[in-house]
Q: 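Structure provided below as structure tokens; questions to follow.
In this text, all values refer to a predicted model and were calculated from it rather than measured experimentally. Positions are given from 1 along the sequence.
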Amino acid sequence: MAASLTPDSADVLLFDLGRVVIDFDIARTAAAWAAHDGSDPADLANRFVRDETFWLYETGKLSDTEFFARLRAALGIDLSDAQLLDGWNATFIGEMDGIAPLLAQAAKKWPLYAFSNTNRAHVAYFSQHYAEVLGHFREIFLSSTIGLRKPHADAYDHVVKAIGVPAERIVFFDDLAENVAGARACGLVAVHVTSSNDVAEALAALGFMEND
């Protein structure tokens, strides 16, 4: 990371949301569904797969109702849409530790944007429950809105074009290695995030000082 991040080398910072800004755990979803259904949470978690149905949902090609119908059939559970939605949103834990003050300070020096693979139901939830921390972003690019998702090149190209600065002047933060690799292949400078400390270290490498 240090080799590619130098003072004044960035014009824009771009952040993934899940496990970079907002923490989540799919085990919480499985536990909530199991509580409604009487199933074993671990078994439900193992049966939940990110397959074509999931990708279609994340790119806005399935409605909530259509997704839940397919999910109900795939998991073999007899839950209502309301119960499935309740469990689906139970995945959220809260803001990542330490990220809010980092974003607040960084926003004084750089334009901040976000780019997330997500779906309509989660967007409705986190837009309401995490409005304050999300308010640091000038724009949030959502896979379910733009119809494109990471790590595909056309997704990054869309976001770079919309932001309007060269890819090499954008520093992108994501928790998934494949998304980091995809961003780098499209010319962005990308940082693999495992905790907010990685964000803080990247900002320091970019020449950011807390009193900036």
Q: Determine, using the 4.5 Å side-chain heavy-atom cutoff (strictly less than), whether Trp55 and Phe68 are members of one ILVMFWY cluster.
A: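 Yes, same cluster.
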Q: Mind checking whether Thr29 and Phe48 have side chains closer than 4.5 Å, heavy atoms only?
A: no
Q: Does any non-hydrogen side-chain atom of Leu134 lie less than 4.5 Å from one of Phe126?
A: yes
Q: Without swapping roles, check the side chain of Asp51 against the backbone of Phe54 for a donor-acceptor pair under 3.5 Å.
A: yes
Q: On a heavy-atom basis, which atom in Asp154 and which in Leu148 lie closest, and how many Å separate them?
A: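 Between these two residues, the closest heavy atoms are OD2-CD2, 3.4 Å.
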Q: Taking the inter-plane angle between the rings of Phe141 and Tyr113 on a 0 to 90° scale, is it parallel (under 30°), tilted (30 to 60°) or perpendicular (over 60°)?
A: parallel
Q: Would a 4.5 Å heavy-atom cut-off, applied to side chains only, mark Leu13 and Leu203 as touching?
A: yes
Q: Atom CZ in Phe137, atom CG in Leu103: separation rounded to 0.5 Å?
A: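 Phe137 atom CZ to Leu103 atom CG measures 4.5 Å (nearest 0.5 Å).
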Q: Is the number of heavy atoms from other residues, nucleotides or ligands under 6.0 Å of Glu52 CD greater than 12?
A: no
Q: Do Phe172 and Val165 share a hydrophobic cluster, counting only Ile, Leu, Val, Met, Phe, Trp and Tyr and linking them when any side-chain heavy atoms are less than 4.5 Å apart?
A: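 Yes, it is one cluster - the side chains of Phe172 and Val165 are joined through contacts under 4.5 Å.
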Q: Flag yes if Ile146 and Val160 sit in one hydrophobic cluster, no otherwise; membership is Ile, Leu, Val, Met, Phe, Trp, Tyr, and two members link when side-chain heavy atoms are under 4.5 Å apart.
A: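 Yes, one cluster joins them.
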Q: Between Lys150 and Phe115 (side chain of the first, backbone of the second, donor and acceptor by atom type, cut-off under 3.5 Å), is there such a pair?
A: yes
Q: So, the side chain of Arg120 versus the backbone of Asp64: is there a donor-acceptor pair under 3.5 Å, distance only?
A: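 Checking the backbone N and O of Asp64 against the side chain of Arg120, no donor-acceptor pair under 3.5 Å is found.
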Q: For the residue pair Phe15 and Phe173, does the interplanar ring angle fall in the parallel (under 30°), tilted (30 to 60°) or perpendicular (over 60°) class?
A: parallel
Q: How far apart are the closest heavy atoms of Ala155 and Arg149, and which atoms are they?
A: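 The pair with the smallest heavy-atom distance is CB-O, 3.5 Å.
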Q: Take Arg72 and Asp81, measure what salt bridge (Lys or Arg N to Asp or Glu O under 4.0 Å) needs, and give me the verdict at the end.
A: CA-CA 9 Å; Arg72 189 180 294 112; Asp81 282 5; 2.6 Å; yes
Q: Quick one: does Trp33's side chain have a donor or acceptor within less than 3.5 Å of a partner on Leu84's backbone?
A: yes
Q: Give a yes/no verdict on a cation-pi contact between Arg70 and Phe67, requiring under 6.0 Å between NZ or CZ and the six-membered ring centre and an angle within 45° of the axis.
A: no
Q: Given 3.5 Å as the limit, does a donor-acceptor pair link the side chain of Ser143 with the main chain of Glu58, or not?
A: yes
Q: Could you check Ser144 against Val123 for side chain to side chain contact (heavy atoms under 4.5 Å, CB included), going step by step and ending with a plain yes or no?
A: CA-CA 9 Å; Ser144 55; Val123 172; 4.1 Å; yes
Q: Assess the side chains of His36 and Asp86: does a donor N or O sit below 3.5 Å from an acceptor N or O?
A: yes
Q: For Asp198, is there any backbone N or O sitting under 3.5 Å from a side-chain donor or acceptor partner on Glu201?
A: no
Q: Is any side-chain heavy atom of Val171 closer than 4.5 Å to a side-chain heavy atom of Leu206?
A: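 In short, these two side chains touch, coming nearer than 4.5 Å.
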Q: Please tell me if the side chains of Met96 and Val21 come closer than 4.5 Å, counting only heavy atoms from C-beta onward.
A: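 Heavy-atom side-chain distance check fails, nothing below 4.5 Å.
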Q: So is Arg28 actually on top of Phe92's ring, under 6.0 Å and inside 45° of the axis?
A: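 No, Arg28 does not sit over the ring of Phe92.
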Q: So Trp88 and His122, would you call those rings parallel, tilted or perpendicular, with 30° and 60° as cut-offs?
A: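 Parallel: the ring planes of Trp88 and His122 meet at under 30°.
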Q: Where do Ser196 and Asp97 come nearest, in terms of heavy atoms and distance?
A: OG-O, 2.6 Å
Q: Is it true that atom CG of Asn46 has more than 12 heavy atoms of other residues, nucleotides or ligands lying nearer than 6.0 Å?
A: yes
Q: Can you find a pair of side-chain heavy atoms, one from Asp11 and one from Ile170, that are under 4.5 Å apart?
A: no
Q: On the six-membered ring of Phe208, is Lys109 placed so that its NZ or CZ lies under 6.0 angstrom from the centre and within 45° of the ring axis?
A: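 No; the conditions do not both hold, so Lys109 does not lie above the ring face of Phe208.
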Q: Same cluster or not: are Tyr57 and Ile140 linked, directly or through other Ile, Leu, Val, Met, Phe, Trp or Tyr residues, by side-chain heavy atoms under 4.5 angstrom apart?
A: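 They do not share one cluster, since no chain of ILVMFWY contacts under 4.5 Å joins Tyr57 to Ile140.
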Q: Looking at every heavy atom in both Ala30 and Pro41, which two are closest together, and how far apart are they?
A: CB-O, 3.5 Å
Q: Just how far is it from atom CG of Asn197 to atom CD1 of Ile99, taken to the nearest 0.5 Å?
A: 10.0 Å
Q: State, with a plain yes or no, whether a side-chain heavy atom of Asp175 is found less than 4.5 Å away from one of Thr194.
A: no
Q: Is it true that Arg19 and Asp174 make a salt bridge, defined as a side-chain N closer than 4.0 Å to a carboxylate O?
A: no
Q: Can you confirm whether Asp157 sits close enough to Cys186 that some side-chain heavy atom of one is under 4.5 Å from a side-chain heavy atom of the other?
A: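 Heavy-atom side-chain distance check passes, below 4.5 Å.
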Q: Let me check something: do Val133 and Tyr125 share a hydrophobic cluster, defined by ILVMFWY side-chain heavy atoms less than 4.5 Å apart, either directly or through other members?
A: yes
